[in-house]
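Order of the sequence lines fixes the chain letters, A, B, ..., with proteins taken first and strands second; residue numbering starts at 1 for each chain. Below, each value reflects all heavy atoms present in this structure, side chains not excepted, and no hydrogens, waters or symmetry copies.
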Number of protein chains: 4
Amino acid sequence: MTVHSDPGPGHPRESPISQPAPTAGKRERIIEAAIKVFAERGFYHARVSEVAAEAGVAGGTIYNYFRNKDDLLISLFEDRMEAILADFRAELAGIDSAAGRLRRFVELHLRMVAQNPPLAEVLTVELRQSSKFMREYKARKFGEYLALLESLISEGIEQGLFRSDVDPKILKRALFGAIDEVSLFWVGHQRAGNPQPYALDHAAEQIWRLYAGGLMRPQESTP
Amino acid sequence: MTVHSDPGPGHPRESPISQPAPTAGKRERIIEAAIKVFAERGFYHARVSEVAAEAGVAGGTIYNYFRNKDDLLISLFEDRMEAILADFRAELAGIDSAAGRLRRFVELHLRMVAQNPPLAEVLTVELRQSSKFMREYKARKFGEYLALLESLISEGIEQGLFRSDVDPKILKRALFGAIDEVSLFWVGHQRAGNPQPYALDHAAEQIWRLYAGGLMRPQESTP
Amino acid sequence: MTVHSDPGPGHPRESPISQPAPTAGKRERIIEAAIKVFAERGFYHARVSEVAAEAGVAGGTIYNYFRNKDDLLISLFEDRMEAILADFRAELAGIDSAAGRLRRFVELHLRMVAQNPPLAEVLTVELRQSSKFMREYKARKFGEYLALLESLISEGIEQGLFRSDVDPKILKRALFGAIDEVSLFWVGHQRAGNPQPYALDHAAEQIWRLYAGGLMRPQESTP
Amino acid sequence: MTVHSDPGPGHPRESPISQPAPTAGKRERIIEAAIKVFAERGFYHARVSEVAAEAGVAGGTIYNYFRNKDDLLISLFEDRMEAILADFRAELAGIDSAAGRLRRFVELHLRMVAQNPPLAEVLTVELRQSSKFMREYKARKFGEYLALLESLISEGIEQGLFRSDVDPKILKRALFGAIDEVSLFWVGHQRAGNPQPYALDHAAEQIWRLYAGGLMRPQESTP
DNA sequence: CATGAATGAGCATTCATTCAT
DNA sequence: AATGAATGAATGCTCATTCAT
């Protein structure tokens, strides 16, 4: 499934019954370690040996599971984005109104940030840097996330709930950028040892209220 | 003024009368070169020697004007941010209504992006990475820009134009994030050789309409 | 007999009666694989895992039969040189004249090259490199081959067939070097996908004629 | 002239007047060091840092003059082969008879070996190994040396001095192989701390006598 | 005996920075 | 001030070897 990364010796994903393979979870542990280390030190300042130490494996072991440092970042991204997308889709499936779904999306993103700040940092900050190849890769993969967001806006328009003069191509980015920036500041503040600058659910409410007000047709009021 | 960077042999800013010193503009040329190279290759992939070549100076010359590579990025940031802030303040000074000023802010940011895409890339992308020191530095310096934005929102609330239940601390970040994301996608698209995904002034209008709708008190309509 | 290499699980050579052990031939398969891989990639570029793959065994299995990579090369050398020497001695046993035996030696060497080019490459090229220890080892083991050659020349002198002013110590090396160089060029040419630069039996005749002319006393003519 | 290697900062070859450039001789010193270290330890066992230490420069300096370790070997080869060829051509220019020229060639090769054993080792041993690219490169460059040898044989045939049934394509290799093997054994013996196994000029005489006897038409006698 | 995942020593190479000229 | 050759610390990656299963 992952094209660019060796699934690793234990091939954990391919043993459905899976009495824990000898290497079960090793790939996972490396990814977890990478998220932590990349978030703390930044991708370029992080040394592969630090990731290995954090994962409790030898340096060379990383290369049994990932082609190189770049591939570790990409695989991490792909792996976690897939899980997040699946989670989001499941959560949104039970909600009828486009407005409710969009609101839920905002909440879900910020909940994810609150539950796993280092992951949020890595997913949104680290991949902006790195090689041209990785920027392109990220753009592609990240597109799915934005496509989901765009579909929520488009649905709202189709349902006659949102104003018809909004451009979903632009507003999906505007909304994502808003959520992302609010998240990252919060995450950075935490890391620096400061108290929370604001509660994330308060932020979710603020953002949603703003966008609801901007998106909805005049007669609608914020739910 | 610049604490961390050597103003350089010509000290151009300090000789107000100054017929251009023999090295006048050398510091400036290096900064211009750095913007170009950092935008193209990313801060970590850019080599100091590439910046030097682009600026038409020898590698060692960079170090007559900047302490090190980090300092070059920071100085660049400081230098350009000051100019941008001064420009924005001048532009906004002539506008009365908080709504008009906020709208103008969005337009100015996107105009800046359109006029100098590499600068936009460097200012918003490159500084997210880098060392802990630089992240903190950026947060501080960047705060002025956000403070300006916050003041515009706060004014709107004080003037009774904007809803009183919005949190300017959060919404300034939401608005900045929205503008930034829309900008960066546009910039990245351009760099990749693609046609523009959207016109930036159309984007400015969309963003403004959205935020206006969300910020303004119900009885107000988008201008 | 083999001091430095584990004869392996089947110990085939030490059980003279022995119906082939379950692993019989595994050591042999590894050696064959090593000859192929070392010839193709060179000893230093060849990876042990490549040899294992070529032999159809797991990487670790190599180490049940050989101490390490160096030992694999040495064992290969020893093994094949013994077989070659036995073959040569048997072939030469039936020839009376020293001249005929020397001529046959040249033919046998080139026939061996033609029949097994990769082996020829490994035996003569790869062992020149490698560690000091291996160079010395090779010198010793290889000496037997040269000793055979020297004995043929010495016999010719004793028989009054060859000139008495030739130095067998030097000429054995000269002759070996000549045969070897002619062989290796031919082998390299083949590997590169080129057509044969010359027929090896033509080369054998040329070399023999040259050495016969140079070695034999004036009144003698090439047999 | 050298295509694949940076001639280095001082560009010593390009300053014909050459008051010693600041880096004069640095490239040369590195090559000398490389010859010594490669001969002692073998190309693959030699570390770049050892070459640097031997040359009295920092590790990184090597890379101001050569692209990488391979390029150092190739450049070394090219550099010295050119000098040797020029030397040989000059020496041979003053000799009339093909036989005399061929004899001189043998003497020159062995003289070169005696004067610079490490160079002889590197030129003939180290380049046989290494990557496919280098093998091909060597074949090309080394061809010039062999072409000179072939021309000497061909001339002898044309002059009616050598037998017309000898194949210069094969015999040039046979002769080179003979000289080379005799040389390398001598060199290896020296390095191992043993007394010389034979005098090199004695070897030259033996080889020449052998080839003269084999090449010359029956009525000719060795000069 | 066979396996192959795990190990970690080893090393070429890069590139920011210095400093003699 | 400007230069650019020299420096050497820093690190990603390879691959021979081990050993638990």
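Regarding F43(C), its CZ atom lies at a distance of 13 Å from the P atom of dC15(F), rounded to whole Å. Here the C1' atom of nucleotide dC15(F) and the CG atom of L72(C) are 15 Å apart, to the nearest Å. Regarding I30(D), its CD1 atom lies at a distance of 15 Å from the P atom of dA12(E), rounded to whole Å. One atom, CD1 of I62(B), and another, C1' of dA1(F), lie 14 Å apart when rounded to the nearest Å. Rounded to whole angstrom, the span from the NZ atom of K26(A) across to the C1' atom of dA6(E) amounts to 6 Å. Put simply, CG on D71(D) is 14 Å from C1' on dA12(E), counting in whole angstrom units. We find that OH of Y65(A) is positioned 18 Å from P of dC13(F), with the value rounded to whole Å. With rounding to whole Å, F66(D) atom CZ is found 16 Å from dA12(E) atom P.
For E50(B), the side chain to side chain contact (heavy atoms under 4.5 Å, CB included) partners are V37(B), R41(B), A46(B), R47(B), not counting sequence neighbours.
Along DNA chain F, the nucleotide nearest V57(D) and the nucleotide nearest V57(B) are compared for position; the residue whose nucleotide lies closer to the 5' end is V57(B).
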Pairs of donor and acceptor atoms involving the side chains of residues 51-60 of chain C, under 3.5 Å and at least two apart or interchain, shall be tabulated with distances.
residue: E54(C); atom: OE2; partner: K36(C); partner atom: NZ; Å: 3.1

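Distance check: I35(B) CD1 to L119(B) CG gives 5.0 Å after rounding to the nearest 0.5 Å. Here the OH atom belonging to Y65(D) is positioned 13.0 Å from the CG atom belonging to L72(D), to the nearest 0.5 angstrom.
You'll find the side chain of L76(B) stays beyond 4.5 Å of the side chain of F66(B), heavy atoms only. When side chains are defined from C-beta on, E121(B) does not count as touching F38(B), because their heavy atoms never get closer than 4.5 Å. The shortest distance between side-chain heavy atoms of D79(C) and R27(C) falls below 4.5 Å. In this structure, E32(C) and R29(C) have side chains that are not in contact, with every pair of non-hydrogen atoms separated by 4.5 Å or more.
For DNA chain F, if you chain together Watson-Crick or G-U pairs that step i with j, i+1 with j-1 and so on, the runs of at least three with distances under 3.5 Å are E:2-21 with F:2-21.
Ring orientation note: the planes of Y44(B) and Y44(A) are close to parallel, at an angle under 30° on the 30°/60° scale.
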For nucleotides 13-15 of chain E, which of its nitrogen or oxygen atoms have a protein nitrogen or oxygen under 3.5 Å away, and what is each distance?
residue: dT13(E); atom: OP2; partner: Y63(D); partner atom: OH; Å: 2.8
residue: dT13(E); atom: OP2; partner: K69(D); partner atom: N; Å: 3.0

